[in-house]
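First up is the structure itself, then whatever we jot down about it.
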Amino acid sequence: MSHDYQRVQWTPIKKRYDQWIALGVVVFLAVFIGASLTLQTDGVTLNPVQILIRAFGTLAFMMLTLILCIGPLARLSDRFKPLLYNRRHLGVVTFLIALVHGILVTIWYHGFGDLNPLVSLLVSNPRYDSLAGFPFESLGLFALMVMFLMAATSHDFWNANLGPGLWKALHMGVYLAFTALVGHVVLGVIQFEKHPLYVVAIVVAAVSVAGLHLVTAWRTLRQSGTYAADGWLDAGPVDAFVPSRARIVRPARAEAIAVFFHDGQYFGVSHVCRHQGGPLGEGKVVNGCITCPWHGFQYQLADGRSPAPFTERIATYETRVDDGHVWVSATAVPFD
């Protein structure tokens, strides 16, 4: 947690993370360019600029697909959470890769006429009523604009000033960007490519993103709690709890509750982090504080307050153990 806004602190972990991103980008571009130059068929010769356009575009699409898979993967297995902690770094790099792709496309195909290149890109093909000839460039431009807004507002300064609700709603636009990008790639392939590998790659990417989100949604539905006659929720048998971890229950039409087991006691708290709406119950107890898995915001177990000098606070819920099961009240303890 950080008490105020500072320049990015390049910790050793962040440096290693960014070094791996940079290495991955360089390796992918080198392999893609090398393969494109080696595997060109007779009669189909690509200009080096066209190869770069395809390389950066393919990489941006793959990186955005990975970004959308990280969240559900981290919910399915803790081993993916290191990817989650610095996901914003990956998002900014993805935007920069997509920006290079967009700049190359605009200059190469629209930069040598009388019209402004951006104007030319938007008006050169007005066939919006044709599927085969649809101006897929406009979908790519829309996706790039959405990614720019997310990259530009990725710092916590914008989260604090826009508010967590608006900030998160803005960043949910990544799904609009991905949908537009799928359309951009599919329609581009229809017009220019015949190799089935492109279609297979697009289908695998779309199915992976949709499938992982459906699986995590199904697991979420399974977390709905069973009510007792007095309105308490069954959080599960005592032997199902893991020390310093939580089980999550979801009251009907109410905020989810995370029940943590720590030092032989059970603590019920809100499942929603006040920073960016992160899944607090998927974190763990560190130094006596619940630590959000997204960005490390912390809350005390007993009262839900962030340790001083921070002022954030989450709702807490009474718990009890009855007949080998842990129960949590569906009504939050009133703030004092």
- Worked check of side chain to side chain contact (heavy atoms under 4.5 Å, CB included) between Ile70 and Phe80: CA-CA 7 Å; Ile70 288 174; Phe80 293 103; 5.8 Å; no
- Looking only at atom types and distance, does a side-chain atom of Arg88 sit under 3.5 Å from a main-chain N or O of Ser154, one as donor and one as acceptor? yes
- Task: Please round to the nearest 0.5 Å and tell me the distance separating atom CG of Leu104 and atom CZ of Phe56.
- Result: 6.5 Å
- So, does Thr58 use its side chain to make a donor-acceptor pair with the main chain of Ala55 at under 3.5 Å? no
- Side-chain contact, heavy-atom cut-off 4.5 Å: Trp108 with Ile53? yes
- Query: If you take all heavy atoms of Val286 and Gln298, which pair is closest and at what distance?
  - Reply: O-NE2, 3.7 Å
- Message: Do Thr291 and Leu280 make a side-chain contact, defined as non-hydrogen atoms from C-beta onward lying under 4.5 Å apart?
- Response: no
- Query: In terms of hydrophobic clustering (I, L, V, M, F, W, Y; side-chain heavy atoms under 4.5 Å; direct or indirect links), are Leu149 and Leu166 co-clustered?
  - Reply: yes
- Give the intermediate values and the outcome of side chain to side chain contact (heavy atoms under 4.5 Å, CB included) for residues Thr153 and His171. CA-CA 9 Å; Thr153 59; His171 282 250; 2.9 Å; yes
- Among Ile, Leu, Val, Met, Phe, Trp and Tyr joined by side-chain contacts under 4.5 Å, find the other residues sharing a cluster with Leu23 and list them by chain and number. Trp20, Val27, Val31
- Message: Testing the basics here: between Ala256 and Ile248, what is the closest heavy-atom pair and its distance to 0.1 Å?
- Response: CB-CG2, 4.2 Å
- Query: Taking atom CG of Asn287 and atom OG of Ser244, what is their separation to the nearest 0.5 Å?
  - Reply: 10.5 Å
- Message: Aromatic contact between Phe261 and Tyr266, with the criterion being ring centroids under 6.0 Å apart: yes or no?
- Response: yes
- Message: Could you see if Met147 belongs to whatever hydrophobic cluster contains Met172? Use Ile, Leu, Val, Met, Phe, Trp, Tyr and a side-chain cutoff under 4.5 Å.
- Response: yes
- Task: Verify, without hydrogens or angle tests, whether Thr216 (side chain) and Leu212 (backbone) share a donor-acceptor contact under 3.5 angstrom.
- Result: yes
- Message: Same cluster or not: Phe241 versus Val321, using hydrophobic residues (I, L, V, M, F, W, Y) connected whenever any side-chain heavy atoms lie under 4.5 Å apart?
- Response: yes
- List in chain and number order the residues that pass side chain to side chain contact (heavy atoms under 4.5 Å, CB included) with Thr38, two or more places apart in sequence or in another chain; answer none if no residue qualifies. none
- Residues Leu301, Val285; criterion side chain to side chain contact (heavy atoms under 4.5 Å, CB included); working and verdict: CA-CA 8 Å; Leu301 285 162; Val285 179; 4.1 Å; yes
- Phe95: partners by ring pair (Phe, Tyr, Trp, His ring centres under 6.0 Å), with sequence neighbours left out: Phe148
- Is Phe61 close to Val185 at the side-chain level, that is, under 4.5 Å between some pair of heavy atoms? yes
- Message: Are Val215 and Leu66 linked, directly or through intermediate hydrophobic residues, by side-chain heavy-atom contacts shorter than 4.5 Å (ILVMFWY only)?
- Response: yes
- Value rounded to 0.5 Å, distance of CG in Leu37 from CD1 in Ile51: 4.0 Å
- Message: Checking Glu318 now: which residues fulfil salt bridge (charged side-chain N to carboxylate O under 4.0 Å, His left out) with it, not counting sequence neighbours?
- Response: none
- Compare all side-chain heavy atoms of Pro279 with those of His271 and state whether any distance is below 4.5 angstrom. yes
- Message: Between Ile290 and Val269, is the side chain to side chain contact (heavy atoms under 4.5 Å, CB included) condition met? List the steps.
- Response: CA-CA 9 Å; Ile290 302 165; Val269 299; 3.7 Å; yes
- Shortest non-hydrogen pair, Tyr317 vs Ser329, comes out as CD2-O, 3.2 Å
- Message: Less than 4.5 Å apart, side chain to side chain, heavy atoms only: is that true for His101 and Val105?
- Response: yes
- Quick one: does Ile97's side chain get under 4.5 Å of Thr94's, heavy atoms only? no
- Does Arg305 count as lying over the ring of Tyr299, i.e. NZ or CZ under 6.0 Å from the six-ring centre, within 45 degrees of the axis? no
- At what distance, to the nearest 0.5 angstrom, does CG of Leu121 lie from CD1 of Ile107? 12.0 Å
- Distance in Å, Lys168 NZ paired with Leu170 CG, rounded so as to fall on 0.5 Å steps: 13.0 Å
- Query: Which residues pass the ring pair (Phe, Tyr, Trp, His ring centres under 6.0 Å) test with His262, sequence neighbours left out?
  - Reply: none
- Task: Look at atom CG of Asp323 and say whether more than 12 heavy atoms of other residues, nucleotides or ligands are closer to it than 6.0 Å.
- Result: no
- Would you say Asp322's side chain and Trp327's backbone share a donor-acceptor pair under 3.5 angstrom? no
- Query: Mind checking whether Phe260 and Arg245 have side chains closer than 4.5 Å, heavy atoms only?
  - Reply: no
- Query: Of the non-hydrogen atoms in Gly268 and Val328, which two are nearest, and what is the gap between them?
  - Reply: CA-CG2, 4.4 Å
- Flag the pair Leu122 / Leu118 as yes when at least one side-chain heavy-atom distance between them is below 4.5 Å, and no otherwise. no
- Would you check if the side chain of Ser124 reaches a backbone N or O of Ser120 as a donor-acceptor pair within less than 3.5 Å? yes
- Flag the pair Glu282 and Arg247 as a salt bridge only when some basic side-chain nitrogen lies within less than 4.0 angstrom of an acidic carboxylate oxygen. no
- Kindly give the heavy-atom pair with the smallest separation between Gly236 and Asp234, and that separation in Å. N-OD1, 2.9 Å
- Determine the minimum heavy-atom distance between Thr106 and Pro117, stating which atoms define it. CG2-CB, 3.5 Å
- For the hydrophobic clusters of this structure (ILVMFWY residues joined by side-chain heavy atoms under 4.5 Å, transitively), does one cluster hold both Phe142 and Leu64? yes
- Note on the structure: Between the CZ atom in Arg313 and the CG atom in Asp303, the distance rounded to the nearest 0.5 Å is 6.0 Å
- Tell me whether the centres of the aromatic rings in Tyr128 and Phe134 are closer together than 6.0 Å. yes
What side-chain donor-acceptor pairs closer than 3.5 Å can you find for residues 175-184, not counting sequence neighbours?
{"from": "Tyr175", "atom 1": "OH", "to": "His213", "atom 2": "NE2", "distance (Å)": "2.8"}
{"from": "Thr179", "atom 1": "OG1", "to": "Tyr175", "atom 2": "O", "distance (Å)": "2.8"}
{"from": "His184", "atom 1": "ND1", "to": "Phe136", "atom 2": "O", "distance (Å)": "2.8"}
{"from": "His184", "atom 1": "ND1", "to": "Gly140", "atom 2": "N", "distance (Å)": "3.4"}

